[in-house]
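Read through the structure below, which is laid out as structure tokens, and then see the notes.
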Amino acid sequence: MKRHPTAFLKEEYEELVKNDFDWKLRILETGSTPHSVVDGKEVIMLCSNNYLNLSNHPRLIQSAIDAAKKYGAGSGSVRAIAGTMDLHMEVEKRLAQFKRTESSLIYQTGFAANAGLIPQLVGKGDIIISDELNHGSIIDGVRLTKADRAVFKHRDMGELENALKDADKKYNRILVITDGVFSMDGDIAPMDKIVDIAKEYGAMTYVDDAHGEGVIGPDGRGIGAHFSIEGKIDVEMGTFSKAFGVVGGLIAGSQDLVNYAYNKSRTWLLSGSHPPAVAGAQLTAIDVLETEPEHVRTLWDNTKYFKKELESMGFDTGWSETPITPVIVGESKKAKDLSNRLYDEGVFALPIVFPMVARDKARIRTMMNAGLTKDDLNFALEKFEMLGKKLVII
Ligand SMILES: *Cc1c(COP(=O)(O)O)cnc(C)c1O
């Protein structure tokens with residue numbers, strides 16, 4: 001057959017552009033700061049995952065510099081061969097103490113943790129039971145296994161229990177997996193109940209708490225701490241790329257889990273370890289969370305204020321329980337329009353539209369930040385109110 005080997009690249013890209021499904025990159029000309037310069041314009045940043053503003057914390061920056069000076073720019077190898085420095089080990093030890101688990105392991109990213117670990121926990125003859133709204137990196141991790149799959153309705157414990165009952169006799173291992181904080185709606189998985197139900201059926205539990213680490217629970221210690229069930233979730237997975245302000249995937253759990261994971265996860269065994277600057281900043285991020293509780297407190301004060309004000313203006317913020325606050329507007333076009341106009345007014349928040357959320361639930365997803373002042377919030381709120389009225393949303 002005479003075919004053009006790469007014609008699809010252009011065709012499919014053009015199709016995306018035509019349907020307005022392509023990513024139009026916005027370029028930051030500053031750090032990810034509460035006031036950022038995006039495409040030449042100063043804006044209030046409302047869509048960064050840098051919840052605690054730690055990416056700009058002087059101590060994290062200094063630790064990154066110090067580690068680079070001492071150990072160099074790169075680590076030289078994968079962790080398993082010659083890429084484990086004492087600094088990497090120190091971060092893991094410190095992280096386990098912070099998470100109050102026996103042990104911890106750090107991957108290059110959260111995505112790498114899910115893609116590397118999930119396929120090692122289950123295989124043929126096993127089953128994974130997932131919440132229907134789980135994150136794409138969980139879904140990709142699941143795709144790498146030969147295990148069967150079942151899905152339960154979002155946060156529906158009755159459906160979870162039925163799926164477990166069904167699976168109990170037919171399968172060898174059972175893995176129940178869920179996001180901790182759901183990234184589109186900002187609600188929290190009922191992890192205490194999930195752990196109890198799973199235990200009855202001898203199922204493993206795995207939570208992806210990427211948006212919960214550094215945000216929920218006392219001192220931002222994550223979902224285990226939030227429900228006071230530290231050490232009871234078999235796998236607590238999270239990331240340093242969000243509230244911790246750096247980059248890196250983490251798992252916290254038993255020593256058995258960590259021994260197993262680092263001997264089996266292919267993303268960990270076959271991909272270079274973090275540069276020392278990253279490890280240095282990770283270590284200090286944990287230290288800052290332990291010694292400067294004001295960041296988490298301010299994040300929540302800001303969150304409560306912002307949500308309350310939006311709601312009193314008449315906006316629908318869904319069922320968010322966390323600093324992820326969706327402003328639900330309905331059709332995709334309206335959400336995009338609102339986002340563009342907010343940007344023109346100096347507020348940066350992106351629309352989330354179908355297929356990421358239901359067709360009639362298009363929204364602006366705002367993410368709160370501890371570095372925003374009351375004046376910043378009032379400025380953003382005024383713009384939301386003015387445009388909400390103009391676009392007949394409120
Ligand atoms: C962001 C995110 C990830 C990926 O984490 P990275 O460390 O940025 O790769 C995984 N799961 C969820 C739920 C996330 O929100």
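This is a predicted model, so every value here is computed, not measured.
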Can you tell me if [atom1] on [X] sees more than 12 non-hydrogen neighbours from other groups inside 6.0 Å?
X: Phe21; atom1: CZ; result: yes
X: Met89; atom1: CE; result: no
X: Phe227; atom1: CZ; result: yes

Quick check on side-chain hydrogen bond (donor to acceptor under 3.5 Å, both in side chains): which of Thr109, Asn134, Asp208 does Asn114 satisfy it with? Asp208
Could you tell me if the side chain of [Y] sits less than 4.5 Å from the side chain of [X], heavy atoms only?
X: Met313; Y: Leu381; value: yes
X: Leu350; Y: Arg365; value: no
X: Arg221; Y: Lys99; value: no
X: Lys390; Y: Arg341; value: yes
X: Tyr343; Y: Val38; value: yes
X: Arg143; Y: Ile139; value: yes
X: Arg359; Y: Val353; value: no
X: Glu102; Y: Asp256; value: no

Rounded to the nearest 0.5 Å, what separates atom [atom1] in [X] from atom [atom2] in [Y]?
X: Leu60; Y: Ile65; atom1: CG; atom2: CD1; result: 11.0 Å
X: Thr84; Y: Arg79; atom1: OG1; atom2: CZ; result: 4.0 Å
X: Ile128; Y: Arg173; atom1: CD1; atom2: CZ; result: 11.5 Å
X: Asp131; Y: Thr178; atom1: CG; atom2: OG1; result: 4.5 Å
X: Ile233; Y: Glu236; atom1: CD1; atom2: CD; result: 4.0 Å
X: Leu160; Y: Lys153; atom1: CG; atom2: NZ; result: 13.5 Å

Modelled atom types, side-chain donor and acceptor of [X] and [Y], under 3.5 Å:
X: Tyr107; Y: Ser265; result: yes
X: Tyr51; Y: His295; result: no
X: Gln62; Y: Asp66; result: yes
X: Thr33; Y: His35; result: no
X: Asp166; Y: Tyr171; result: no
X: Ser104; Y: Glu92; result: no

Side-chain ion pair, [X] and [Y], N-O less than 4.0 Å:
X: Asp287; Y: Arg59; answer: yes
X: Asp187; Y: Arg155; answer: yes
X: Asp148; Y: Lys170; answer: no
X: Lys124; Y: Asp126; answer: no
X: Arg94; Y: Glu90; answer: no
X: Asp196; Y: Lys232; answer: no
X: Glu14; Y: Lys18; answer: no
X: Lys334; Y: Glu331; answer: no

Going through the distances and angles, do Val235 and Val207 end up as a side-chain contact (heavy atoms from CB on, under 4.5 Å)? CA-CA 6 Å; Val235 186; Val207 65; over 6 Å; no
Lys/Arg cation over aromatic Tyr305: Lys374, 6.0 Å, 45° cone: yes
Identify whether NZ of Lys or CZ of Arg in Arg363 sits under 6.0 Å from the centre of the six-membered ring of Phe315 and within 45° of that ring's axis. no
Passing option when Leu133 is tested against Val151, Asp179, Val357, Asp185 for side chain to side chain contact (heavy atoms under 4.5 Å, CB included): Asp185
Thr284 side chain to Ser63 backbone, donor-acceptor under 3.5 Å: no
For the student: nearest non-hydrogen atoms of [X] and [Y], plus distance:
X: Val195; Y: Ile229; result: CG2-CD1, 4.1 Å
X: Leu257; Y: Asp234; result: CD2-O, 3.5 Å
X: Pro276; Y: Ala67; result: O-CB, 3.3 Å
X: Ile129; Y: Ala167; result: CD1-CB, 4.4 Å
X: His88; Y: Ser75; result: CE1-CB, 4.4 Å
X: Ile364; Y: Ala349; result: CG2-CB, 3.4 Å

Verdict with supporting geometry, Glu159 and Lys165, salt bridge (charged side-chain N to carboxylate O under 4.0 Å, His left out): CA-CA 10 Å; Glu159 279 206 7; Lys165 247 180 227 154; over 6 Å; no
Verdict with supporting geometry, Ser32 and Ser48, side chain to side chain donor-acceptor pair (under 3.5 Å): CA-CA 7 Å; Ser32 177; Ser48 144; 3.2 Å; yes
I'd like to know whether Tyr201 forms a side-chain contact (heavy atoms from CB on, under 4.5 Å) with Asp168, so could you lay out the CA-CA distance, the side-chain angles of the two residues, the decisive distance to 0.1 Å, and finally the verdict. CA-CA 6 Å; Tyr201 295 89; Asp168 193 24; 3.9 Å; yes
Could you walk me through whether Lys242 and Asn50 satisfy the side-chain contact (heavy atoms from CB on, under 4.5 Å) test, starting with their C-alpha distance in whole Å, then the side-chain angles of each, then the deciding distance to 0.1 Å, before giving a yes or no? CA-CA 5 Å; Lys242 292 180 172 134; Asn50 182 26; over 6 Å; no
ILVMFWY network linking Ile106 to Val247, side-chain heavy atoms under 4.5 angstrom: yes
Under the criterion side chain to side chain donor-acceptor pair (under 3.5 Å), I'd like the reasoning laid out for Lys307 against Thr325: C-alpha separation, chi angles, the key distance, then a yes or no. CA-CA 7 Å; Lys307 250 192 241 292; Thr325 304; 3.1 Å; yes
Are Phe182 and His154 an aromatic pair, judged by ring center distance below 6.0 Å? yes
Can you say whether the rings of Phe384 and Phe306 are parallel (under 30°), tilted (30 to 60°) or perpendicular (over 60°)? perpendicular
Can you check side-chain contact (heavy atoms from CB on, under 4.5 Å) on Met45 and Leu28, steps first, answer last? CA-CA 10 Å; Met45 173 62 83; Leu28 275 74; 3.9 Å; yes
